[in-house]
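Accompanying notes for the structure given below.
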Amino acid sequence: MSRVTTTPNAVSRHAAGTLAWAQASVTFQVALVLVTAALVLWALFFSNYPLVHDTFHELRHSLYFVPCH
Amino acid sequence: MRRMLTACAVLILLGMATARSQAQAEPAARVVIETAPAAGAIVPDETLVTTRLRVLDAAGIPIPGARVALHVDTPPRAKVITTDFPFVEDTTLLELETVLPEGELSFQAVYPIRGTYTFRTRVVLPDGQTLEASPVLSLRENPDEVRNILVLLGLLFAFGLFSGFVIRLTGRPGAAAAAAIVALVLTGGTGWAHGPSGEGAPSQNEPVTVVREADGVRVTATASPDSAAVGRLTTVTVRATTAAGRPVAGNVSLDAIHLEDNVPIYSFDLPLEANGTARVALQLFDGTEHELRFALRTDDGRAVNLEVPLPVEGFAPPLSVKLRSLALLMVPVVVGLAVGFRAGRPFAARRRLSAVSVG
Ligand SMILES: [Zn+2]
């Protein structure tokens, strides 16, 4: 059986700090995922960069609502 | 072609109009438009469709010598969901005016996008009466495109789900940052690859004219403007005369060829008018090289062929259209993320618990 040595006050302070950090981190990570997804999709389907545009030309035309030209 | 039409034997479009005649109570004539294959079997941007327009009397017999003006309008623009050719939406696909010696006209065309096309027809009967009709042709999207987009949306949902789950569990969404940088680099480039570059309003150009003389027949073919553009009509005129300049009687067939795939996207066979000309205006909807091929046959058996090269200018879709489509693609990512995040909750709690008991 283990004994908890920290005081209740310290535990709650530590927990609050972890929670705030976790929340900020989660928001950042969610934003990162969304931005990455948007950027990759943009590069793939909406980029005017000739190499990318031509490479994915047929793919673009084969997707119901992805505009090409 | 006639065999194909009867084989299909499906009346797709039936535009009826009553000749404007106050004296008559019965419909004097009607316009019937049929397609082969039937509308349900037409794949946009793929099927070369035979479209037949007939002017029939009350007994269903074609009326020879009627004159028709036909405008085919492309489907209207949808508010949110675009097609792959946004510049084709809400424009005119083709326009022609010709006499129908046998009361009917057949032409072939590739219909570029899904949706409802309107065939605005105005017919002048030999007795001077006019009738107007606007039959429609509704095309469904290529089933492959529907399947593909569903697969893509499913993958995006799965990506969101996985990310949400991982974020809840570990707080580390893996190589997202690296991917973001790669994507940034890729989007950095500008320019346009498919066909000559162009952004914004199409430029107006001079007409291009090709003349060929053979067998005593002089044929002049003109495309105006010389560089076609997606969303805009190109007027094609062919004129056949003798060397002395007198108009000749005959027929001209015109094929618009998509050179990359070497397939026709339009094919017409039109009689020459009394002044030796035939004219059609058509929209070339792919921003790449095309060629107009003319085959002229005079009534007395002479033949002249000629070709007119025609580049077509393509345009990058408007930013608003791109952003709308991007937003639609992001929906499953967001939903997946939320679902994955929620789904990861019990696992994350268990992880914390085991971490505490170990510590
Ligand atoms: Zn394209």
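Residue numbering restarts at 1 for every chain, and letters A, B, ... go by the order of the sequence lines. When reading the values below, keep in mind they use all heavy atoms of this one structure, side chains included, and skip hydrogens, waters and symmetry mates.
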Original post:
Can you name the side chain to side chain contact (heavy atoms under 4.5 Å, CB included) partners of B:Leu259, sequence neighbours left out?
Top reply: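 Testing B:Leu259 for side chain to side chain contact (heavy atoms under 4.5 Å, CB included), a comparison that skips the adjacent residues, returns B:Ile257, B:Glu289, B:Glu291, B:Arg293.
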Original post:
Who are the side chain to side chain contact (heavy atoms under 4.5 Å, CB included) partners of B:Ile265, not counting sequence neighbours?
Top reply: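 If we apply the side chain to side chain contact (heavy atoms under 4.5 Å, CB included) test to B:Ile265, skipping adjacent residues, the hits are B:Val110, B:Ala256, B:His258, B:Leu284, B:Phe285, B:His290.
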To the nearest 0.5 Å, what is the distance between [atom1] ([X]) and [atom2] ([Y])?
| X | Y | atom1 | atom2 | value |
| --- | --- | --- | --- | --- |
| B:Lys322 | A:Asn48 | NZ | CG | 4.0 Å |
| A:His61 | B:Asn148 | NE2 | CG | 13.5 Å |
| B:Leu323 | A:Trp42 | CG | CH2 | 4.5 Å |
| B:Asp84 | A:Phe45 | CG | CZ | 12.5 Å |
| B:Met330 | A:Leu41 | CE | CG | 6.5 Å |

**OP:** Mind running side chain to side chain contact (heavy atoms under 4.5 Å, CB included) on B:Glu145 and A:Leu63 for me, showing each step along the way?
**Re:** CA-CA 5 Å; B:Glu145 288 207 26; A:Leu63 294 166; 5.7 Å; no
Under 4.5 Å from any heavy atom of chain A - which part of [X]:
| X | value |
| --- | --- |
| B:Thr82 | both |
| B:Ile113 | neither |
| B:Leu156 | side chain |

**OP:** Determine yes or no for a side-chain-to-main-chain donor-acceptor pair under 3.5 angstrom, with B:Ser325 supplying the side chain and A:Phe65 the backbone.
**Re:**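 Confirmed, B:Ser325 side chain pairs with A:Phe65 backbone.
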Original post:
Between the side chain of B:Arg114 and the main-chain N/O of A:Tyr64, is any donor-acceptor distance below 3.5 Å?
Top reply: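 Judged by distance alone, yes, a pair lies under 3.5 Å.
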**OP:** Please determine which of B:Val166, B:Leu337, B:Val334 meets the side chain to side chain contact (heavy atoms under 4.5 Å, CB included) test together with A:Val33.
**Re:** B:Leu337
Original post:
With a cut-off of 6.0 Å (strictly less than), are more than 12 heavy atoms of other residues, nucleotides or ligands near CZ of B:Arg140?
Top reply: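 Open: at most 12 neighbouring heavy atoms sit under 6.0 Å from CZ of B:Arg140.
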Original post:
Does a side chain donor of either A:His69 or B:Asp286 reach within less than 3.5 Å of an acceptor in the other side chain?
Top reply: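 On atom types as modelled, these side chains qualify, holding a pair under 3.5 Å.
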Original post:
Taking every heavy-atom pair that is under 4.5 Å apart, which of B:Val321, B:Leu329, B:Val333 has the most such pairs with chain A?
Top reply: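 Most pairs with chain A among the choices: B:Leu329.
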Original post:
Which atom pair, heavy atoms only, marks the closest approach of B:Pro317 to A:Cys68?
Top reply: CD-O, 3.1 Å
